[in-house]
Amino acid sequence: MKEIRVRFAPSPTGPLHIGGVRTALYNYLFAKKNNGKFLLRIEDTDQNRYVPGAEKYIIDALKWCGIEYDEGVGIGGPHSPYRQSERKHLYFEYAEQLLNEGKAYYAFDTPEDLDSMRERLTAKGVATPQYDYLSRYEMKNSLVLPADEVEQRIKNGDSYVIRCLIPADREIIVNDLIRGEVIVHSSKLDDKVLFKSDGMPTYHLANIVDDHLMEITHVIRGEEWLPSAPLHVLLYEYFNWQAPEFAHLPLLLKPDGNGKLSKRDGDRLGFPVFPLRWIDPKSHEVSSGYRESGYLPDAFINMLALLGWNPGTAQEIFSMDELIQAFSIDRVGKHGSKFDPEKAKWFNHHYLSSLRDIDIARLLEEQVLGKGISTEINYLVKVAALIKERATLIPDLWEQASLFFIDPVSYDEKVKTKVWRPDTPQMLQSIIDFISFQEDLSLEVFEPALKDFIHQSGLNMGQVMNTLRLALVGSAFGPGIAGIISVLGKERTIERIRNLMTKA
RNA sequence: GGUCCGUUCGUCUAACGGUUAGGACGCCAGGUUUUCAUCCUGGUAAUAGGGGUUCGAUUCCCCUACGGACUACCA
């Protein structure tokens, strides 16, 4: 059987948004599931829209996500180069072939010509004014101009484009793996430009030529391409090439209102739409990324995979390998999905709290050092064990852990008025005495010992605990008291209790 | 406007033409944690509307409504 080959072919016009990442992911999963190859091709045929840094961003983003490609920009492969601008010389001959076979033609119309054509048609009441079987014979192209004039114009260096000659009366059938048969009448299609006057192919030509040359077997792309799929099918037919299978993915929609999620949504919606932070090279506007916001790549990918695809079972937590095993195109839904930032958080909390203490400790280490506080890994591991289930995003780790590194600078007034009594200082002193005599502060030993002591001293458990919390944390917040003391150690605990006694 | 695609709880979704329409997130309540969070248990909530076909329709067909994509010498 023929090897499965798929590609992700973004254009470097800016950062990849989560919809693009999902498209890449589904391509990747499909390839791996079928022991095939996944390619990264950069479609940079529009010089005007080129954005510096975008290509690097795309590569970095895929890498962060753990989506590895077998061939493509940056790593090369048997069909190098994988950047369309570097394949520029390839495309003209294919356009020429269609020209010679009467399946395409030269067009010399200026933008003004095109505008007036549309105006004329609109005035006549034509519903879809376009360059097609009705209007093409009233334009300046090689179908109407005498052959010698065409030749002369080209010789003169007149600017021209090459347009595809769409048949007037054909049913074009697109077989889509997700949508089934989509039938479009050729009269609804326009004579799309295949080759631009700047010497570059358009998407339509370059895409078909490269997919063919790169032996792509399955084209998995966003639904926004469905309307041009009939043109692509026709082009494969014109070239007499075997067309790949198509799968048009439903779009990711904005969680508020309507419309597809777009790069321009940036941070407007209160959550990142990009995998990594992006700083616009022109405006210097910063758009946040999932990585910088504190999401784990595994959680991000897991969340994205389930947006538009489901395994048909109740399983929701998938590693990349499990996704590869479970993935299939026919369980991809047909309708667009609104992205839910809350669910993304839930996934991240799940992944974060399932990490080993040592991994949490390393994440925490970075943040602690970033605050200019020196620490050591054994201490961090102990802290990690206490806080990991309390954090949703990576930065929450510091929020939860700061009490282990910084003494309270103030005390929550509400808590204070609630717990403070005239005899509180004596009570705290007795606790200090008790702690001073403890030899083993490990949680297993110390926690029951502390409780025993409180009982035996006839003290009120809630009263003591809440006061201790005020002393140790400064507010009603944080892990269990015994755990905090166990990690903080004898000296720091006593010092904090004394602080409360003097300041209160 | 035209072409094409779509429509199950608020959201992501499941359901050979036969289910009390299931799960997850969120939300609400209770429990655990003598704090907060986590966690556990329970609850809330949906087949867009109208016609067919059928013994039987979330499922098949048609119409309507609504949503979306596309409609460039952009991808």
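These values consider heavy atoms only, across backbone and side chains, with no hydrogens, waters or symmetry-generated copies. Lettering follows sequence order; numbering is per chain, from 1.
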J.: Which nucleotide, in any strand shown, forms a Watson-Crick or G-U wobble pair with B/C39, with both distances under 3.5 Å?
T.: B/G31

J.: Measure CG/A/Leu393 against P/B/U38 and give the value in whole Å, please.
T.: 13 Å

J.: With sequence neighbours left out, write down each residue that passes side-chain contact (heavy atoms from CB on, under 4.5 Å) with A/Asp330, or none if nothing qualifies.
T.: A/Ser328

J.: Scan for salt bridge (charged side-chain N to carboxylate O under 4.0 Å, His left out) pairs involving residues 165-178 of chain A, sequence neighbours excluded, and state none if there are none.
T.: A/Arg170-A/Glu237

J.: Which side-chain N or O atoms in residues 447-458 of chain A pair as donor and acceptor under 3.5 Å with protein atoms at least two apart or in another chain?
T.:
unit_1   : atom_1 : unit_2   : atom_2 : d
A/Ser457 : OG     : A/Phe453 : O      : 2.6

J.: Under a 3.5 Å limit for both distances, which nucleotide forms a Watson-Crick or G-U wobble pair with B/U3, could you say?
T.: B/A69

J.: Any strand is fair game: report the nucleotide pairing with B/U20 by Watson-Crick or G-U wobble, both distances under 3.5 Å, or none.
T.: none

J.: What nucleic acid atoms does A/Pro479 come within less than 4.0 Å of, heavy atoms only: base, sugar-phosphate, or nothing?
T.: base

J.: Does any nucleotide pair with B/U58 by Watson-Crick or G-U wobble geometry, both distances under 3.5 Å, and what is it?
T.: none

J.: List for me each residue that meets side-chain hydrogen bond (donor to acceptor under 3.5 Å, both in side chains) alongside A/Lys196, sequence neighbours excluded, and say none if there are none.
T.: none

J.: Tabulate atom names and distances for all N/O pairs under 3.5 angstrom spanning the protein and nucleotides 7-13 of chain B.
T.:
unit_1 : atom_1 : unit_2   : atom_2 : d
B/C12  : OP1    : A/Lys338 : N      : 2.8
B/C12  : O3'    : A/Ser337 : OG     : 3.4
B/C12  : O2'    : A/Leu306 : O      : 3.1
B/U13  : OP1    : A/Gly308 : N      : 2.8
B/U13  : OP1    : A/Ser337 : OG     : 2.6
B/U13  : OP2    : A/His335 : NE2    : 3.2
B/U13  : O3'    : A/Asn310 : ND2    : 2.9

J.: Between protein and nucleic acid, restricted to nucleotides 70-75 of chain B and to nitrogen or oxygen atoms under 3.5 Å apart, what atom pairs and distances do you find?
T.:
unit_1 : atom_1 : unit_2   : atom_2 : d
B/C70  : OP1    : A/Lys260 : NZ     : 3.3
B/C73  : OP2    : A/Arg163 : NH2    : 3.3
B/C73  : O2     : A/Ser197 : N      : 2.8
B/C73  : O2     : A/Ser197 : OG     : 2.7
B/C73  : N3     : A/Ser197 : OG     : 2.9
B/C73  : N4     : A/Asp109 : O      : 3.3
B/C74  : OP2    : A/Lys196 : NZ     : 3.3
B/C74  : O2'    : A/Asp46  : OD2    : 2.9
B/C74  : O2'    : A/Arg49  : NE     : 3.1
B/C74  : O2'    : A/Arg49  : NH2    : 3.4
B/C74  : O2     : A/Arg49  : NH1    : 3.2
B/C74  : O2     : A/Arg49  : NH2    : 3.2
B/A75  : OP1    : A/Thr45  : OG1    : 2.9
B/A75  : OP1    : A/Lys196 : NZ     : 2.7
B/A75  : OP2    : A/Tyr203 : N      : 3.2
B/A75  : O3'    : A/Glu43  : OE1    : 3.3
B/A75  : O2'    : A/Ser11  : OG     : 2.8

J.: Classify the side-chain pair A/Thr313/A/Gln315 by whether it contains a donor and acceptor separated by less than 3.5 Å.
T.: no

J.: Which residues pass the salt bridge (Lys or Arg N to Asp or Glu O under 4.0 Å) test with A/Arg163, sequence neighbours left out?
T.: none

J.: A/Lys388 near the nucleic acid: base, sugar-phosphate alone, or nothing, with a heavy-atom cut-off under 4.0 Å?
T.: nothing

J.: Kindly state each residue pair satisfying salt bridge (charged side-chain N to carboxylate O under 4.0 Å, His left out) with at least one member in residues 43-52 of chain A, sequence neighbours excluded.
T.: A/Arg41-A/Glu43, A/Asp46-A/Arg49

J.: According to the salt bridge (charged side-chain N to carboxylate O under 4.0 Å, His left out) rule, which pairs have a member within residues 339-353 of chain A, sequence neighbours left out?
T.: A/Glu316-A/Lys343, A/Glu342-A/Lys345

J.: Would you check if there is a donor-acceptor pair between the side chains of A/Asp210 and A/Tyr91 at a distance under 3.5 Å?
T.: yes

J.: Please name the nucleotide paired to B/A48 by Watson-Crick or G-U wobble geometry with both distances under 3.5 Å, or report none.
T.: B/U64

J.: Find every protein N or O atom lying less than 3.5 Å from an N or O atom of nucleotides 42-46 of chain B, and list the pairs.
T.:
none

J.: Tell me the partner of B/C25, counting only Watson-Crick (N1-N3 plus N6-O4 or O6-N4) or G-U wobble (N1-O2 and O6-N3) with both under 3.5 Å; none if nothing fits.
T.: B/G10

J.: For A/Asp357, enumerate each residue passing the salt bridge (Lys or Arg N to Asp or Glu O under 4.0 Å) test, keeping only those at least two apart in sequence or located in another chain.
T.: A/Lys388

J.: Run the side-chain hydrogen bond (donor to acceptor under 3.5 Å, both in side chains) test against A/Tyr94 and tell me which residues pass, sequence neighbours left out.
T.: none

